[in-house]
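Everything on this sheet refers to the single structure shown next.
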2 protein chains.
Amino acid sequence: MTKPPVIDHRRTLTLRDVSEASGVSEMTVSRVLRNRGDVSESTRERVLEAARALGYVPNKIAGALASQRVNLVGVVIPSLSNMVFPEVMTGISETLEDTGLQPVVGVTHYSPEREESVIYEMLSWRPSGMIVAGLEHTEAARAMLAQAGIPIVEVMDIDGVAVDSAVGISHYRAGRQMAEAILDAGYRRIAFLGTMMPHDHRARKRLQGFEEVLSRHGLSLADQEFYSGGSALLKGREMTAAVLDRSPDVDFLYYSNDMIGAGGLLHCLDRGIDVPGKVGLAGFNGVELLDGLPRKLATMDACRLEIGRRAAQIIAAKHPDGIIGGEVIELFPTLQPGDTIRPAL
Amino acid sequence: MTKPPVIDHRRTLTLRDVSEASGVSEMTVSRVLRNRGDVSESTRERVLEAARALGYVPNKIAGALASQRVNLVGVVIPSLSNMVFPEVMTGISETLEDTGLQPVVGVTHYSPEREESVIYEMLSWRPSGMIVAGLEHTEAARAMLAQAGIPIVEVMDIDGVAVDSAVGISHYRAGRQMAEAILDAGYRRIAFLGTMMPHDHRARKRLQGFEEVLSRHGLSLADQEFYSGGSALLKGREMTAAVLDRSPDVDFLYYSNDMIGAGGLLHCLDRGIDVPGKVGLAGFNGVELLDGLPRKLATMDACRLEIGRRAAQIIAAKHPDGIIGGEVIELFPTLQPGDTIRPAL
DNA sequence: ACAATGGCTGTTAGCGGTAACATAGGTGAT
DNA sequence: ATCACCTATGTTACCGCTAACAGCCATTGT
């Protein structure tokens, strides 16, 4: 039969090893392993057999350098800990699966400096495209992305100027929409509870749109409370308790995300508060995770899966040749009134 | 002053461009950019200035090929959607941050074939190390890992044979421990509710240990229920409803993870069932996310953060030279009785 | 019979960096 | 002044693979 596998732990195998083991040139081996070009069936089998027996794994570094092609797509996101970015990732992976492209994730922890360095690091691997969360970056990061000569898609948000393409929703508009729904339902003393992170631009834009609608109706926030870190569900409880103690007359609690909103909801139910009669609640994101709570929290779907898909499609489509003009795709979230906001008057 | 930045979108910059712009050899530029070797202060500044002005981003592909060094660590995990692996990732990133190494994530969706291909793909980038969840892999995957000549750490689980190093807990033992606690508390008619995934080996091992203790006490599971997909909280509710309807006399519900356990807890509270008096509940994982529920679910911390940290440390430590013998690190989860299991008799 | 064609395989020249070694000046000791 | 020696820089030879092109042989058409 064939020779037993050569297990040499000192040196890693190269095309040459396979080529020697199968008696053809390195080029032919390369062709077989990539399914590129014509190779006779007998040679192909001999080569594959040798490669398998040796346990050969091609060196993509060398391949990429020689071919000037890298099947990687950089994905830069602020966090994996909340439920929102993993779902975007799912959309991306799903779509990229059929294209031979592979996502590589980098996490910034909402720090612009860290984002800049993650982007630099990724670009130095010469990926085929980059997907970056948000439109706000350091000047250097924007410059790098703009010069990279590859398709760039900024995701989640479209309120701002994109380097190249963008896919997302208008958080500003989402905030307005929610405010209008709340006012329509007759609530008037509205509090905001949210994250303190100074770099969560999307939460900021939602709040901005929200307050604008209030002020157009001659209103302003009755109270606000911020947090950072910790278990969001628990923080939601604590913040809600604080607000309700401090401002017993508020009739609506607007949360910057569903997790703290859920915490707030649980707190209200514990206290026996009439929801949505006496107090209404709303969050943001539409996290499926929370289906199963005693009551369904009003929220707005952020189109996360769809955003991931569309972003990946743009990268995959531009993949072959050069620079096509950047496109901006706006998606429209739908308001899910759930059980925590009473019907409009 | 210096020339204005050359913004050429057709070609990407190389060391040569920087070298020409600053009037020194490519080698010197390389030295400056890597802070390697002696370079005079004046040259260093001139080079850095030129690199910045041009917007040069080094090509790590070429660098890695030439130096035979890649600062990447492959991390292969089944999923990002539940709360467990993101936390392992956090531990890994945190620890790797100080080492110049960078994690690259690949997701397998609990499919052995997908895992094999993700591992192959990653090895072809010649990373400095690999961290892989679980001890069960296809034969080909094990062979590839074993031959790669880099440190391999299998994480989460230690009940089995490791390719090289391993860091984790004994899920088998965790299952036994939970069973003993439940029996000690006097519960006797115990049901199991869990995932159906045939490839969640850790859940399987926990159940196995659990059942073993039951049978040693002359007992067996009073009922069981499985699910797959969907919102875990909601599934937990539904499964719990199903089990309680079908087997009204069960006095304990053992869940394979905290999310479905939380769903079950909410269901029981809704129904006004006396927890933990009439029915006790327990989950697994110790997800902080759920702090804030009306009652604290009994659970066992899976040491996720610590697992990530230790795994990364092993990779970082072996990084410099050759193969040190594989080590197996067992961590010991602590039982958190919470409020859903009554005190021992 | 001979050019044209097409299938299969080999050869050559890089891709963009870096390791290792070579070299040009300066410096201080003898 | 001579030499050893150090610092700052340049030269050369790859790293492992692939694009592009060059050959060779058998087949086909005329």
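Reminder, nothing fancy here: chain letters follow the sequence lines and each chain counts from 1. No hydrogens, no waters, no symmetry mates; every other heavy atom, side chains included, goes into these values.
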Any side-chain donor-acceptor pair under 3.5 Å between A:Q313 and A:T95?
no
Between B:H137 and B:E115, do the side chains contain an N or O donor and an N or O acceptor separated by less than 3.5 Å?
yes
For residues [X] and [Y], determine if any side-chain heavy atom of one lies less than 4.5 Å from a side-chain heavy atom of the other.
X: A:I119; Y: A:M130; answer: yes
X: A:L305; Y: A:V88; answer: no
X: B:V57; Y: A:Y120; answer: yes
X: A:E116; Y: A:M144; answer: yes
X: B:P127; Y: B:V73; answer: no

Residue from B:D17, B:L15, B:T14 passing side chain to side chain contact (heavy atoms under 4.5 Å, CB included) with B:V29:
B:L15
Salt bridge check: are [X] and [Y] linked by an N-O gap of less than 4.0 Å?
X: B:R52; Y: B:E49; answer: yes
X: B:E97; Y: A:R114; answer: yes
X: B:R310; Y: B:E327; answer: no

Within a reach of under 6.0 Å around CZ of A:R16, are more than 12 heavy atoms found that belong to other residues, nucleotides or ligands?
no
Check whether more than 12 heavy atoms from other residues, nucleotides or ligands sit under 6.0 Å from atom CD of A:E139, and answer yes or no.
no
The helix from C:dA1-D:dT30 to C:dT30-D:dA1: angle between terminal helix axes, five bp per end, to the nearest 10 degrees, reads 40°
Any side-chain to backbone donor/acceptor pair from A:N71 onto A:L101? Under 3.5 Å, distance only.
no
Please tabulate the protein-to-nucleotide N/O contacts below 3.5 Å involving nucleotides 25-28 of chain C, giving atom names and distances.
none

Would you grab the first and last nucleotide of DNA chain D (5' to 3') that comes under 4.0 Å of any non-hydrogen atom in chain B?
D:dA8 to D:dG16
If you restrict it to nitrogen or oxygen atoms, what contacts under 3.5 Å exist between nucleotides 15-22 of chain C and the protein, and what is each distance?
residue: C:dC15; atom: O3'; partner: A:Q68; partner atom: NE2; Å: 3.0
residue: C:dC15; atom: O2; partner: A:L65; partner atom: O; Å: 3.4
residue: C:dC15; atom: O2; partner: A:A66; partner atom: N; Å: 3.2
residue: C:dG16; atom: OP1; partner: A:Q68; partner atom: NE2; Å: 3.3
residue: C:dG16; atom: N2; partner: B:A62; partner atom: O; Å: 3.2
residue: C:dG17; atom: OP1; partner: B:Y56; partner atom: OH; Å: 2.6
residue: C:dG17; atom: OP2; partner: B:L15; partner atom: N; Å: 2.8
residue: C:dG17; atom: O5'; partner: B:Y56; partner atom: OH; Å: 3.3
residue: C:dT18; atom: OP1; partner: B:R34; partner atom: NE; Å: 3.2
residue: C:dT18; atom: OP2; partner: B:S30; partner atom: OG; Å: 2.1
residue: C:dA19; atom: OP1; partner: B:R69; partner atom: NH2; Å: 2.7
residue: C:dA19; atom: OP2; partner: B:R34; partner atom: NH1; Å: 3.0

Near DNA chain D, which residues from residues 38-48 of chain B have a heavy atom under 4.0 Å away?
B:D38, B:V39, B:S40, B:T43
With sequence neighbours left out, write down each residue that passes side chain to side chain contact (heavy atoms under 4.5 Å, CB included) with B:T43, or none if nothing qualifies.
B:V24, B:T28, B:V39, B:S40, B:R46, B:V47
